[in-house]
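Accompanying notes for the structure given below.
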Amino acid sequence: MKKILYSVMALAIAAMTFTACEDVPQPYPTPVPDNNGSSTEVEGATGDGSLENPFNSIAAINEAKKLGSGGVSEQYYYIKGKVVSIATDKNDNVLNFNQGTYGNASFYISDDGTSTNQFYCYRVLYLGNKKWTSGSGDILKVGDEVVVCARITMYNTTPETQQNEGYLYSLNGKTDGGGSEETDVATGDGTLENPFNSVAATNEAKKLSSGAVSDKAYYIKGKVVSIATDKNGNVLNFDQGTFGNATFYISDDGTESGQFYCYRVLYLGNKKWTSGAGDILKVGDEVIVCAKLTMYNTTPETQQNEGYLYSLNGKTEADDGGNTPQPSGDVGSIDAPKTVADALAAINALEEGATTDAYYYVKGKVVSIATKVEDIGPNSSSGKKYKDINYYISDDGSESNTVYVYRGKNLNNSDFTSADQLKVNDEVVVYGKLQKYKNTNTNEIVPEMAQGNYLVKTSNTSEGGEQGGGEQGGTTVTSLTNGDFETWADGLPTGWKSTSSASSATLTQSTDAHGGSYSVNVNGKESGNVRLATQEITLAAGSYNFSFWVKATTTDKAQVRPGYAIVVNGSINSSSGYKYGNYADISTSWTQVSYDFTLDSETTVCLLVMNPKKSDYSSGKDVLVDDAMLTKK
C-alpha cells in the first residue's frame, strides 16, 4: 500500500502497456461471456458502481459497452459477483499468481456463479491493492464471493477490468484488515471537538469520485502504524527542502486494520518538518491530523500538501498540551470565501513577520485605495505606472478591522490598466497568502494579504474589471487561476492540475517568461501527445476565447494545439470529451495563440494546451506557456 512502491510498479507496468497489445496477451483460450459481443445493453443490471451499491456483472458489462472498443473509464467502480472460473494460459497454468512483477490474477465473475453474463476481471491485485502471494490459486476458488474495485474497459469485444488498474476489495466478506466490512466502526464528525477516526476518514474520502478533493479540511485522530519510506528505505519526505513533509499511516489502535493514509503532511502549526531522521514521529504516536481528503485512484488519503499535524501525543504548536489557535486548514473557496474577520484571526495566530503557506479566498468591501490614481496604469512618456494596487478591505466597508491588500493584481492575476478598475465600496474576493507584516519604521503590525495576491471576483463594472456576468468592453473576464504562472506549490503551478486525466504533461518552472517572473515548461514527449490542463472550471452557456503566449525551447519545428475537455462526474469521455482547435506553428519567439469555442449549456471543463508528439510538423520537444486568459464574448 505504500504509494512509492506502487508508483515504481506502475511505471514498470506502463512501460509494457504502451508498447503493443501483443506484449500483454489475453489469456488463452479466451472464453467469451454471454452477450458480451453485442452492442446492446444486457437486461438485469443493478448497482451504481459505488462501494455502498456495487455494480453486478451485468451493470459492469453495460458500463464497458458505453466506452466502445479500447475505451477505458476514468472512474474506478466496485463490482460484486461470484467467481465463475479462474483463467489459465495455454499450458493450463493459473494466470498470474505470484509471477514476479505481476502478482495479480485473472478470473470471471457473474451474479450467480454461472457462465451467464459473466464479467472478466483481468490482472487484478489482491486485498488491500497488494500482490497475490500464492502460486497455486487456492486463495481464490470458484464460487468465492468477491467485490472488485477497478477501472472498466472494452478490450476488442470483451468487457473487462483495465489491466493492472484494479484490486480485490473483499473476498467472502473479508477486506484488507482481515475482518468483515461490517466490523469496521466509524466514529467522529471531522471537527476538532470530535475528530474522525481512521475508518470515518476512509468512508468520507470514498464519497468522492476518483481524484476529487473535499471542499473543507477535517480532523482525523489515530495512532501511527508505519512511516512511509521510498524504495531505498529513506523516510519520506522529512527535511527535503521544498517538501519538508511526512507520509505515514494511522489507525485506531496502531495496527494495519482500518488504517488511513496521511500523505505529505506538514508539522505542528502547518510548518515544515525539520528532522531528517524521522525520530520526531514514531510508530505508536497519537496524532490529530487536519487535512483535506481525496481519493487517489482507489486509495483514500489526505490531499498532498493540504494537511498538517494539529497535535502530536497531545502537544500542539505552542507545546502547551493542546490549546492553540484554530488551524488554517479551511482556506475558503471562490464560492464560499472566508470573511475579513476570519482572515484577521488567522493572521493573529501567526508569528511576527510570518506568512501562511496556504492561499486563502477572502471576501470584503474596498475601504480605501492607498495607491495614487495617477500612478495606476501602463507606462507612458509621463513616467512609470504601477500595474498593481494597494488597498484596504473590511467586512462592512468601514475603517475598522481591515486587511491591507499589498500590490494586488486584477482578475486572472492580470495587470490593472486604469484606476477605475477598482473603486471604494467594490465587493471583492481576493486570493492570496496572509501575512503578519511588521513595519520596521513604526513597529506597527499590519495584517495584510501578501504580494502575489489577485482578484477572483469583483462587483466593479468598469472595463477590464468585471467577474462573472457584467459587460466590460464587449467581453467578460472569467476566473482563470494563476494565468500568469507566477504562483507554484510542490513543483506545480497553482490552478493547473486537473483531477481527471486531462493533465498528462510533466511541468517545470521556467524563468524565461513572457510577463512577470515565471512561465511553465510543458515537457514534450516524442512518442505521444501531452497536455497542460487547468483545474476544473464550470462555465455558463455562451461563446468564449481562450488565449495564451507560447514559445519553443529549441529551433526545431514546433506546434501547440489549444482546446478543452468536458468533465462529467470527475471523468472525461475518452472518445468524445476532448475538443480542439487548429494546430498552431510556434517558434523561439513568444507567440500568442487564440482559440474560440461555444458551450450550449453550463459545462464543467478543463482548458488544454496540447504539446503534440514528434511528426513532420513538430519535434515533440519542450514548449513554454505563459499569460493565459479566458474571456466570455
Side-chain angles (χ1 to χ4, degrees), residues 332-344 347 359-380 382-435 437 446-484 486 515-516 540 627 629-633:
S333 65
I334 292 178
D335 297 321
K338 309 305 289 183
T339 64
V340 173
D342 292 332
L344 287 169
I347 292 170
Y359 286 79
Y360 282 71
Y361 294 88
V362 181
K363 181 180 181 180
K365 279 189 173 183
V366 177
V367 176
S368 60
I369 298 174
T371 306
K372 295 179 180 179
V373 170
E374 60 269 23
D375 289 338
I376 301 171
N379 295 333
S380 65
S382 60
K384 183 178 179 179
K385 303 284 187 178
Y386 292 105
K387 301 175 183 179
D388 44 45
I389 298 177
N390 300 326
Y391 56 100
Y392 292 88
I393 59 173
S394 69
D395 283 327
D396 57 5
S398 70
E399 294 185 359
S400 301
N401 300 316
T402 61
V403 167
Y404 184 53
V405 182
Y406 178 59
R407 300 196 67 173
K409 287 290 194 78
N410 205 347
L411 294 166
N412 300 313
N413 212 355
S414 62
D415 295 336
F416 282 100
T417 57
S418 64
D420 63 355
Q421 291 175 332
L422 186 73
K423 299 177 181 178
V424 172
N425 291 324
D426 283 348
E427 292 187 350
V428 296
V429 176
V430 189
Y431 178 71
K433 292 185 177 183
L434 305 179
Q435 186 174 33
Y437 175 74
V446 181
E448 69 176 39
M449 298 198 76
Q451 183 175 356
N453 71 81
Y454 57 93
L455 294 175
V456 293
K457 281 188 178 181
T458 174
S459 62
N460 191 303
T461 56
S462 300
E463 182 176 354
E466 174 62 27
Q467 155 65 27
E471 295 303 317
Q472 52 151 331
T475 63
T476 300
V477 177
T478 303
S479 180
L480 185 58
T481 301
N482 195 27
D484 61 359
E486 293 299 295
D627 292 334
M629 177 70 73
L630 177 67
T631 57
K632 185 177 181 182
K633 296 184 175 181

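None of these values were measured; they are calculated from a predicted model. In what follows, residues are counted from 1 in the order of the sequence shown.
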Distance from [X] atom [atom1] to [Y] atom [atom2], nearest 0.5 Å?
{"X": "I347", "Y": "E448", "atom1": "CD1", "atom2": "CD", "result": "8.0 Å"}
{"X": "I369", "Y": "I389", "atom1": "CD1", "atom2": "CD1", "result": "6.0 Å"}
{"X": "T339", "Y": "L344", "atom1": "OG1", "atom2": "CG", "result": "8.0 Å"}
{"X": "L434", "Y": "M449", "atom1": "CG", "atom2": "CE", "result": "5.5 Å"}

Minimum-distance pair of heavy atoms, taken over all atoms of [X] and [Y]:
{"X": "K363", "Y": "V340", "value": "O-CG2, 3.5 Å"}
{"X": "S394", "Y": "G397", "value": "OG-N, 2.9 Å"}
{"X": "L411", "Y": "T458", "value": "CD1-CG2, 4.0 Å"}
{"X": "K423", "Y": "D420", "value": "CE-O, 3.4 Å"}
{"X": "A450", "Y": "Q435", "value": "CB-OE1, 3.7 Å"}
{"X": "F416", "Y": "N410", "value": "CE1-N, 3.4 Å"}

I'd like to know if the side chain of [X] reaches the main chain of [Y], judged simply by a donor and an acceptor atom lying under 3.5 Å from each other, with no hydrogens or angles considered.
{"X": "D395", "Y": "A341", "answer": "yes"}
{"X": "D426", "Y": "V428", "answer": "no"}
{"X": "Y454", "Y": "N482", "answer": "yes"}
{"X": "N390", "Y": "Y404", "answer": "no"}

Would you indicate whether the side-chain heavy atoms of [Y] and [X] approach each other to under 4.5 Å?
{"X": "V362", "Y": "V403", "result": "no"}
{"X": "N453", "Y": "K409", "result": "no"}
{"X": "I393", "Y": "Y391", "result": "yes"}

- Evaluate the criterion side chain to side chain contact (heavy atoms under 4.5 Å, CB included) for residue pair V424 and V367; output intermediate values, then yes/no. CA-CA 6 Å; V424 172; V367 176; over 6 Å; no
